[in-house]
Protein chains: 2
Amino acid sequence: MMSNSTDAYQQHDHHRCLKTALAQAKNRCIARKARLTPIRESVLHLLWQSHRPLGAYKIIDQLSEETGKRVLPPTVYRALDFLLELGLIHRLATLNAYIGCPFPDSAHSDCFLLCRECGSVAECSTANVNKSIASTAEQAGFLVESQTVEILGLCTPCQEKMPQPNKAKPIKPEADE
Amino acid sequence: MMSNSTDAYQQHDHHRCLKTALAQAKNRCIARKARLTPIRESVLHLLWQSHRPLGAYKIIDQLSEETGKRVLPPTVYRALDFLLELGLIHRLATLNAYIGCPFPDSAHSDCFLLCRECGSVAECSTANVNKSIASTAEQAGFLVESQTVEILGLCTPCQEKMPQPNKAKPIKPEADE
DNA sequence: GAATAAGTGTAATAATATAACAATCTTTAC
DNA sequence: GTAAAGATTGTTATATTATTACACTTATTC
């Protein structure tokens with residue numbers, strides 16, 4: 001399993017995450033003959049400020065403040081589209097928010113772990129989830145093209161910080177197969 | 001595996017789907033001492049017109065037309081919230097749209113198969129997917145509370161209708177009529 | 001039958017995202 | 001080097017999805 005969960009939820013050298021992400025982005029742009037313009041790089045940089053996803057309008061506000069001039073929605077949405085296209089970021093459908101991809105170089109189907117307490121999101125890529133989804137789809141005669149898997153819950157540090165022993169309810173059990 | 005994929009994608013006695021869904025809804029409301037008011041029932045009925053999800057504003061438009069008076073967003077969103085709360089419908093995060101639940105009576109975590117061609121959506125509940133997600137989360141020390149799994153692709157009939165592999169064409173909740 | 005709770009009506013607005021077209025900057029072709 | 005073509009950005013306007021706040025009505029309870 002590929003995952004950035006330890007980085008995402010704990011104290012770590014985040015500067016390294018940022019640096020790596022920007023380096024990978026540059027490489028990827030060169031490989032694809034695409035231009036990482038200042039706006040695009042700024043948006044990517046903002047998304048790598050932390051492991052918490054940002055909504056488009058948060059990006060707009062932060063970028064406006066950074067540059068001192070009013071940045072308008074299309075500017076940011078275009079940058080986001082570009083970064084999505086190159087696989088440098090992801091959009092989280094359940095949050096309407098965006099986050100940097102820690103593994104832009106490896107083709108992968110994603111599984112996101114969204115901590116409802118601290119807001120941080122880790123990305124995993126697991127053969128198991130993909131296999132089970134593929135097999136489920138196959139049983140239904142369905143041809144998979146893309147998949148969205150977003151898991152809401154609590155990361156380890158937030159579980160430990162929860163006062164109650166009944167920290168959180170697990171998901172409902174399965175009826176039958 | 002529990003799934004309504006054969007119904008969802010093929011010719012079938014849809015009247016039966018509708019009838020079952022409404023009957024289940026009534027039972028569930030009685031069990032929960034909740035009221036299936038005319039508005040709520042109308043919204044549920046609209047969502048069971050087909051196996052294609054409907055956006056909230058499509059529901060608003062259809063309900064306005066049905067009743068001859070302008071139905072406003074809060075009316076519909078309140079009905080949707082009620083139906084979601086009772087597990088009678090689901091919200092599809094990737095489409096911002098709503099769809100009737102074929103299995104309101106069995107506690108389940110859901111997996112949706114969204115056909116990008118015909119727009120129909122089937123719901124599956126599979127222990128395998130849940131197990132693989134649980135195991136992935138566990139490896140990351142993450143406590144799962146809820147999950148969103150939406151799979152985009154082609155249903156069997158649409159695969160057969162489409163020998164030419166067509167590329168990305170985003171599906172819409174419902175075609176305009 | 002009054003008190004309370006639940007549900008609905010209405011106006012306004014928030015939050016997220018896109019369309020359309022003009023202006024500018026980069027790259028390419030000559 | 002320069003003009004044409006293409007890519008990127010600026011700008012205005014608007015579409016789409018969802019919520020807040022408060023007034024009013026209907027149903028339930030005692």
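Numbered from 1 within each chain, the chains take letters A, B, ... in sequence-line order. Just so you know, these numbers use all the heavy atoms, side chains as well, and skip hydrogens, waters and symmetry mates.
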Whether [X] contacts [N] is assessed here as follows: a side-chain N or O lying under 4.0 Å from the phosphate OP1 or OP2. Is that the case?
X      : N       : answer
Y98(A) : dA17(C) : yes
Y77(B) : dT19(D) : no
R91(A) : dT16(C) : no
T75(A) : dT9(D)  : no
T37(B) : dT8(C)  : yes

Under the rule for side chain to side chain donor-acceptor pair (under 3.5 Å), what residues qualify as partners of R91(A), not counting sequence neighbours?
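If we apply the side chain to side chain donor-acceptor pair (under 3.5 Å) test to R91(A), skipping adjacent residues, the hits are N96(A), Y98(A).
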
Run the side-chain hydrogen bond (donor to acceptor under 3.5 Å, both in side chains) check on E150(B) and T148(A) step by step: do they pass?
CA-CA 5 Å; E150(B) 300 180 19; T148(A) 296; 5.9 Å; no

Starting at [atom1] of [X] and ending at [atom2] of [N], how long is that distance when rounded to a whole Å?
X      : N       : atom1 : atom2 : result
L72(A) : dC21(C) : CG    : P     : 18 Å
K33(B) : dA5(C)  : NZ    : P     : 18 Å
R70(A) : dT11(D) : CZ    : C1'   : 9 Å
L36(B) : dA27(D) : CG    : P     : 14 Å
E41(A) : dT8(D)  : CD    : P     : 15 Å

Just call it for [X]: base, sugar-phosphate, or nothing, with non-hydrogen atoms closer than 4.0 Å on any strand.
X      : result
R78(B) : base
F82(A) : nothing
R40(B) : sugar-phosphate

For dT16(D), is there a stacking contact with Y57(B), counting only centres under 5.5 Å and planes under 30°?
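The base of dT16(D) is not stacked with Y57(B) (the test needs centres under 5.5 Å and planes under 30°).
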
N-O pairing of R116(A) and E145(B) below 4.0 Å:
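Judged by the 4.0 Å cut-off on N to carboxylate O distance, R116(A) and E145(B) do form a salt bridge.
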
Geometric class of the H14(B)/H51(B) ring pair [parallel <30°, tilted 30-60°, perpendicular >60°]
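Taking H14(B) first and then H51(B), their aromatic rings stand perpendicular (interplane angle over 60°).
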
Quick one: which of dT11(D), dT9(D), dA11(C) gets closest to the side chain of P74(B)?
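The answer is dA11(C).
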
Which of the following nucleotides, dA18(D), dT8(D), dT8(C), is nearest to the side chain of R35(A)?
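Looking only at side-chain atoms, R35(A) lies closest to dT8(D).
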
I want to check something: taking the side chain as every heavy atom from C-beta on, are L113(B) and C155(B) in contact at a cut-off of under 4.5 Å?
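L113(B) does not reach C155(B) side chain to side chain.
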
